[in-house]
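Here is the naming used below: chain letters follow the sequence lines, and residue numbers restart at 1 for every chain.
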Amino acid sequence: METISIFDILTKEAPEHILQHLKLVLISLNIAILIAVPTGVLLTRKSFKKYSSKVIAVLNTAQGVPSLAIVAIFLNILGIGIVPSIVALTLYGLLPIAQNTVAGINNINYEVIEAAKGVGMSDKQVLYKIELPLALPIIIAGIQTSSVLIVGTAAIAELIGAGGLGRMIFLGITHFLPKYTLVGALLCAVMAIIFDQFFRILNIKLTRNYKQT
Amino acid sequence: MSTIKYFINNINKITELTYEHFILISIAIVLAVIIWFTVGVVIRNNNKLANGVIGVGSIIMSIPSISMYGILVTIPFFGLSRKSAVTALVLYAMLPIVRNVYVALNEVDKSILEAASGMGMNKKNVLLKVQLPLALPVIFAGVRVALVMMVGVATLAVYIGERNLGRLISQGITRTHTDMVLVGGILVALMAILVDMIMAFIQKKLISPGLHNSNEYINQEGC
Amino acid sequence: MIRLKNVSKYYKKKEGAAVSNLNLHVEEGKICVMVGPSGCGKTTTLKMINRIIEPSDGNIYVNDKNVMEQNPNELRLKIGYVIQKIGLFPHYTVYENVATVPKLLGWKEEKIRNRANELLKIVGLSPQEYAKKYPNQLSGGQKQRVGVARAMAANPPVMLMDEPFGAVDPITRNQLQNEFLKIQKKMKKTICFVTHDIDEAIKMGDKIAIMCDGKLVQYDTPENILFSPKNEFVEEFVGSDRALKVLNLLKVDTILDTSLPKISIDTDSDVLKKLALKGQDHVVVLDDEEKLVGYIKLRKIVERRSLEKWDKYIKRYVSTIDEDSSLKNAMVSMLQFDVFNIPVISENGVYKGIVNFNMIKSYISEEYETNNIVDKVVG
């Protein structure tokens, strides 16, 4: 096996793992967005505002638990496989998005909101036409951070049977096959960089017209 | 309950692993501060170079830690040794430290610098007595971010031969031993919080009270 | 003393000069205020004196030494510098801010401490209360006081001030201006002062340099700038109300009337009779310490009553003003109390003389006439 060339690993074995990895990342990221953005919005509403700093503080501490431990804990709760992996990844990706949603909305100048109310917008209109669009750059930045985290943690999720590029990395480490480790690690790094750059550029394109200064 | 029992029964092993964890991040943060602080100061007046360096830092930051370790161990010079682990941690600290040093030095209110040189301070004195002390809160924030991150990232270094709290988690996975995983995970989280608190304490001692709770002089964004 | 000889500054070759061929001489112990619309080159000129900006051409001398031949930092240690944004070091206490230059100069700790405390008292901040505070605990006016104290710390003979009172509210500004003038009376620094506010220039300047497009348009005393502006630009810049500004500038003692007879409260009635015979009417009554008591109108009394026990006819003046008040203050009081005469008294109440509405009027119109004639002859 050690004689297999890097080129062969890349063309024959890697594509399957790349696809599996992408699947894990995209599913978890989407679920994370669907949960985190509404939660973040909720935390900025009047009746919940007083809890927002506490909730964020708790989530912040949770983020201090290493990804490895999060993954391991879900192994014990949900067993091995793709589902526990996705649950772990989703949870791990929640915080940056929720945090940035709260920050993005709270950072909007109060005068802007007041002006919107002043021209007769309802609370719902203020949210959809003013708050969310103005907070979008920061929310997307949160998604960007989250995507990078999930790509990395997905590799570790192999330890509970997620598959993906992590399988190549750990296979290489446990069986002393440095080529596998190298290819898996590089591909995983490239994927993270691509996600990072994708959201960065998306942010610039989307928001160049109304960047808040 | 069983978690606490596990903790008490294995206190010696856990203490040793915690100590190793602490030593690893200590070595890494000292090296990182020396290297990246110097880089930040050197590039402070060169916007183009600074953008390049910070760009490299942010790409490094987006590389997953398991990938970083995976790549480093395949380089013969590093291999399965502490060198790989320390190098990875130092590399991750690049963005928060370099960026904060650069931003902080450049955001110091120009009128304060003009007053300083107008009073007859030479360039070295302006940098050492005025610019750096004023930039210190933001620089410190960068170091704190780097340090807290290191505590977490270090856990994965067990797969490249480090012995630290991550070992409790990785062994807990292979043995499906929940208590081991929980003890490891909680201790790492606690260490991150503790390290942050220690840094906050040092920061309070180190930074002039004139700068406490004040964003007036420095734009604190990007930390 | 500060002397600028043919000084020019070009930022880019293609554009015009920011400052062109400027000659200016600030005498020792005097305040020269450079004033003009924004972009006229006044700040550039100021910053060339301590080489924050390097001149492109010409020579600048501070106390007869060419600034270009000195190390800029050593030069600046000898020149006090105050800027609009103050630039206090936020990480230093008030004391440490004031001590900055003495420390750079290597003074002994005790000397620095004494000097800093002395300076804080001079600028009106009690050292006990303020020395240990940080700038973010001070109001705008207090910050500016510390800024001034810091600039004077090493007792520099020369000071440069760039809109030093521009960032505070009008009331505080007025207060700071007055205090600074009082300090300057004692300290006698040679000062270059930049402002865009002509009123401030008239108030603060021994001489005013009016600048426009990098050139010096007129350099003269405030009186001459007001009475005989050199051209339309100056006239317009000074404003159409320059007659009123002159009043602000002139102290009451310039036209103080001391000719009215003064009598002491215990004067014999015979003296009064003699005065009445001489045709005097308005007589000022003082006590035995020369302090003002009031006045009597002789004519009315002589017509109807005897002058025995004349002191019951003494009337009080409705208002008095201090001897260092401006003519404008005098006018304001006259209008406010509907009177034509106001007695001027010293700080401790001693009578100095009377200002009279008609005298102010004729003084102003005379000044205008003579100066206009001069203008016509010259121009």
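- With a 4.5 Å cut-off on non-hydrogen atoms, Leu168(B) does not touch chain A at all.
- A distance of 13.0 Å separates OG in Ser62(B) from CE in Met191(A), rounded to the nearest 0.5 Å.
- Taking every heavy atom of both residues into account, Ile66(B) and Gly152(A) meet most closely at CG2-O, 4.2 Å.
- Nearest heavy atoms, Pro64(B) versus Ala192(A): CD-CB, 3.6 Å.
- The OG1 atom of Thr155(B) sits 5.5 Å away from the CG atom of Leu68(A) when rounded to the nearest 0.5 Å.
- Of the listed residues Leu149(A), Ile173(A), Ile156(A), Ile70(A), the one with more heavy-atom pairs under 4.5 angstrom with chain B than any other is Ile156(A).
- In terms of non-hydrogen atom pairs under 4.5 Å with chain A, the most contact-rich of Ile186(B), Val181(B), Thr174(B) is Val181(B).
- Chain B forms the most heavy-atom pairs under 4.5 Å with one residue out of Val190(A), Thr145(A), Leu186(A), Val151(A), and that residue is Leu186(A).
- Contacts with chain A were tallied for Ile169(B), Leu165(B), Ile63(B); Ile169(B) has the most, counting heavy-atom pairs under 4.5 Å.
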Original post:
Between Tyr159(B) and Leu159(A), is a side-chain contact (heavy atoms from CB on, under 4.5 Å) present by the stated rule, with each step listed?
Top reply: CA-CA 11 Å; Tyr159(B) 289 101; Leu159(A) 294 172; 2.9 Å; yes
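- One distance of note links CD1 of Ile71(B) with CG of Leu182(A); it measures 6.5 Å at 0.5 Å rounding.
- When heavy atoms are compared at a cutoff of 4.5 Å, Thr178(B) approaches chain A by way of both its backbone and its side chain.
- Interatomic distance, CD1 of Ile59(B) versus CD of Gln197(A), reported as 5.5 Å (0.5 Å rounding).
- In this structure, Lys129(A) places its NZ atom where only 12 or fewer heavy-atom neighbours from other residues, nucleotides or ligands lie under 6.0 Å away.
- Contact of Phe170(A) with chain B is made through the side chain alone, with heavy-atom distances under 4.5 Å.
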